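Within every chain, numbering begins at 1; the chains are lettered A, B, ... in the order of the sequence lines, protein sequences first and strands thereafter. Remember, it's a predicted structure, so these values are computed and weren't measured experimentally.
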There are 2 protein chains.
Amino acid sequence: MIQPQSVGIVAPQTAHFATPLPLRSGGSLPSYDLVYETYGTLNADASNAVLVCHALSGSHHVAGRYADDPDSLGWWDNLVGPGKPLDTRKFFVIGVNNLGSCFGSSGPSSINPATGKPWGAAFPFVTVEDWVDTQARLADRLGIKRFAAVVGGSLGGMQALSWTLQYPDRVAHAAVIASAPKLTAQNIAFNEVARQAILTDPDFHGGNFYDHGVVPVRGLKLARMIGHITYLSDDAMGEKFGRSLRHGKAVYSYDVEFEIESYLRYQGDKFAGFFDANTYLLTTKALDYYDPAFAHAGNLPAALASAEADFLVVSFTTDWRFSPSRSREIVYALLHNRRNVSYAEIDCAAGHDSFLLDEPQYHAVLSAWFDRIKV
Amino acid sequence: MIQPQSVGIVAPQTAHFATPLPLRSGGSLPSYDLVYETYGTLNADASNAVLVCHALSGSHHVAGRYADDPDSLGWWDNLVGPGKPLDTRKFFVIGVNNLGSCFGSSGPSSINPATGKPWGAAFPFVTVEDWVDTQARLADRLGIKRFAAVVGGSLGGMQALSWTLQYPDRVAHAAVIASAPKLTAQNIAFNEVARQAILTDPDFHGGNFYDHGVVPVRGLKLARMIGHITYLSDDAMGEKFGRSLRHGKAVYSYDVEFEIESYLRYQGDKFAGFFDANTYLLTTKALDYYDPAFAHAGNLPAALASAEADFLVVSFTTDWRFSPSRSREIVYALLHNRRNVSYAEIDCAAGHDSFLLDEPQYHAVLSAWFDRIKV
């Protein structure tokens, strides 16, 4: 049953782009598809469009359900819909699957037109900046000159921030949630372990596992398990699983003994069943590379000088992947540039994943902020 | 060249035990060897013995060097020696390789006398409590009725704590450093990912890789890389490696780009070259199982009621593996029982690994505490 505040049944659309896309990694992609979804109605002067950027394992499917799958709720359905913080009665909301992903946009598992086989390892490296470029082209296609807002959490927040620097006159507002202006050495370290798990899986075959009819399940599973540890706070994990023993006592085995083991293995197995290993690699590299201050000798205020948007920056107290101090770096750099920025540090126990959850204070902040946006 | 404050050239000894050892995991080990080293001289009434317990990847080689290897410095050589905090002019110091390890004491890579082949997966699970039992037998063998002190960091600290509960009348003092009264769900989660990396490595062969002439290098490497992330603080990693790019700019490759990647791969490769995969599995399980309060419905003060020793508890501000709050749980439980306990929370940037380092305040605390011990 469709909830009253749901956008209801939705369907993805595909846009094909035949103009080559120059890439930061060198060269260009001759042509590519982007899959996207929209919710609400674009108004006459196309002033009510909001772009939602997704994180590592996300997709264009932000809200609603697919007609053929009652379990296919969008990943931000709690935020996007009629009467929800990102109100589709007011806004025209767009979700785009990032280039290089595995949910319909061109990526390593898509067919390379030049060979008729999956791209595999030959798919080029893409960056946050490249994604923003593709999203700008999609906006052109949809007749959107300027977004009322660009919004994203985690890696999605990096895209929102990058929008304000690459296309300052095309973003009126930007919400950067549970994000960071660049990864720390520790963030890169976690990504690197996940990558090594995939790269050293014998079933990876140098990225061309499609040709071998196998999937590097073991590597993907490990990568996801590592990721999940960083998405949850120590306390949230403790509260959810504690040291609960499935059998009430130690049974001295490498099978599941503690509930946390069961949770991680389940998440890993599930993920390995639908996510593409090359996309995981590419996306973690995009995260590692993201560093707008790099071209400014590490000076973030200088890097953000070109931004013109009004900002909302949100962090969560127990997020240790991108801690509140990382968000404050962005806030300070924006304030240095006399930008209009609201900052909310939400007290939430759930860690990094908080940005996906129904935390009332968080949703209230988003509601108020979107409410103020004139379209 | 031997430093003036070094114990100098040392050599390990082996003690064979033919009396079966009952194990918490059920059954017993018919016979086993323990490898150990000693530094200093046992006094006439055997009242000056200090037992040093090692952590996950440690060994009996606590101090000094081997005659044939100038690089073979003991893992706590900075703490143990003449004039050092654990002064070998006063104390008789013993390091023992834990049962199940791979540095000489009986373990999965040793020959199972019943089959003439390596134990492999057939080596039984061992617990912190089992280790303490074996150490008590070694003490009997050496004529030590009561230790002046039992000391350890991390997993070694758990052994020191367990000594005070299993053999309260045989431990005068206990130093529990950078440790915890049990693992959190997050701690177990990291161990579980490391174990899955090893268990799913095709070269693991169900633990009997010795028979196949291979080593699960990929799994061991990943396990160690994950471990290393938790040993260092975010800040220490940032200070040491930051986001430094080996080539000064992104080269868009899965080869080493960031210095932190190089460090982790190096540590992983090195470890996979000398450590036994089954020992890694067994030891992480011993960590997971350790929970003296389990038999007391989670009540740590009740669990520690039988301890008689005087305690030193040390934690490090930036240790996020076993944070200071975990040490304070032990301190509160001991205070509840009116035990004599000193607690030092050392301001050190290095994270969990701080317990191995030359932090002056830390060494000063240890010096003062050992100085007070009458032998």
Side-chain angles (χ1 to χ4, degrees), chain A residues 24-26 124-125 127 182-190 192-193 195-197 199-202 207 217-219 221-222 225-226 228-229 232-235 237-245 249-250 252-254 257-261 263-265 268 281 285 288-289 291 294 298 320 323, chain B residues 24-26 124-125 127 182-190 192-193 195-197 199-202 207 217-219 221-222 225-226 228-229 232-235 237-245 249-250 252-254 257-261 263-265 268 281 285 288-289 291 294 298 320 323:
Chain A
R24 268 70 180 177
S25 57
F125 282 87
T127 65
K182 64 182 177 195
L183 298 197
T184 61
Q186 190 188 70
N187 294 145
I188 296 173
F190 278 117
E192 169 64 4
V193 179
R195 279 193 297 267
Q196 286 299 315
L199 291 164
T200 64
D201 185 325
V217 169
R218 290 178 295 253
K221 179 179 173 176
L222 289 171
M225 290 173 79
I226 295 163
H228 261 282
I229 298 179
L232 292 180
S233 70
D234 190 4
D235 282 351
M237 225 179 225
E239 228 164 87
K240 217 166 163 179
F241 309 104
R243 296 178 42 90
S244 297
L245 284 157
K249 58 174 184 154
Y252 303 102
S253 144
Y254 294 121
E257 286 208 83
F258 293 94
E259 290 299 342
I260 179 64
E261 296 174 318
Y263 171 78
L264 286 179
R265 289 189 199 182
L281 295 176
K285 286 300 266 188
D288 289 5
Y289 291 135
D291 183 7
F294 186 77
W320 64 278
S323 71
Chain B
R24 267 71 179 175
S25 57
F125 283 86
T127 65
K182 64 183 177 195
L183 298 197
T184 61
Q186 191 188 70
N187 294 146
I188 295 173
F190 278 117
E192 169 64 4
V193 180
R195 279 192 297 266
Q196 286 298 315
L199 291 165
T200 65
D201 186 324
V217 170
R218 289 178 298 253
K221 179 179 172 177
L222 289 170
M225 289 173 80
I226 295 164
H228 260 282
I229 298 178
L232 291 180
S233 70
D234 191 5
D235 282 352
M237 227 179 222
E239 227 164 89
K240 215 164 166 181
F241 308 104
R243 295 178 43 88
S244 297
L245 284 157
K249 58 172 184 158
Y252 302 102
S253 143
Y254 295 121
E257 287 207 83
F258 294 95
E259 290 298 343
I260 179 64
E261 296 173 318
Y263 171 78
L264 285 179
R265 290 189 199 182
L281 295 176
K285 286 300 266 188
D288 289 5
Y289 291 135
D291 183 7
F294 187 76
W320 63 279
S323 70

Between [X] and chain B, with a heavy-atom cut-off of 4.5 Å, which part of the residue counts as in contact: side chain, backbone, both or neither?
X	answer
A:K240	neither
A:L245	side chain
A:F258	side chain
A:F294	side chain
A:R265	side chain
A:E239	neither
A:F125	side chain
A:T127	side chain
A:N187	neither

Considering only heavy atoms and a distance below 4.5 Å, find which of [options] pairs most often with chain A.
options	answer
B:S253, B:G26, B:S233	B:S253
B:D234, B:I226, B:T200, B:T184	B:D234
B:E259, B:R24, B:K249	B:R24

- Message: Within the structure provided, determine whether A:Q186 and A:W320 are in side-chain contact (heavy-atom separation under 4.5 Å).
- Response: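 The answer is yes, as the side chains (C-beta and beyond) meet within the 4.5 Å cut-off.
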Checklist entry - Is there a side-chain contact between A:L222 and B:Q196, using heavy atoms and a 4.5 Å cut-off? => result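 Contact flag for A:L222/B:Q196 side chains = yes.
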Donor-acceptor contact below 3.5 Å, side chain [X] vs main chain [Y]:
X	Y	answer
B:Y252	A:P124	no
A:R243	B:L183	yes
A:E192	A:I188	no

Using every non-hydrogen atom in the two residues, find where [X] and [Y] come nearest and quote the distance to one decimal.
X	Y	value
A:M237	B:A185	O-CB, 3.7 Å
A:A189	B:I260	CB-CG1, 3.9 Å
B:M225	B:L264	CG-O, 3.4 Å

A:F241 CZ to A:L232 CG distance, which is reported to the nearest 0.5 Å: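 Rounded to the nearest 0.5 Å, the CZ-CG separation comes to 7.0 Å.
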Q. What part of B:L199 lies closer than 4.5 angstrom to a heavy atom of chain A: side chain, backbone, both or neither?
A.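 It is the side chain, since no backbone atom gets that close.
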TODO: Measure B:D235 against the heavy atoms of chain A and call it side chain, backbone, both or neither at under 4.5 Å.
DONE: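 No part of B:D235 comes within 4.5 Å of chain A.
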Determine the option with the most heavy-atom pairs under 4.5 angstrom with chain B, choosing from A:K221, A:E257, A:H228.
->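 Ranked by heavy-atom pairs under 4.5 Å with chain B, first place is A:E257.
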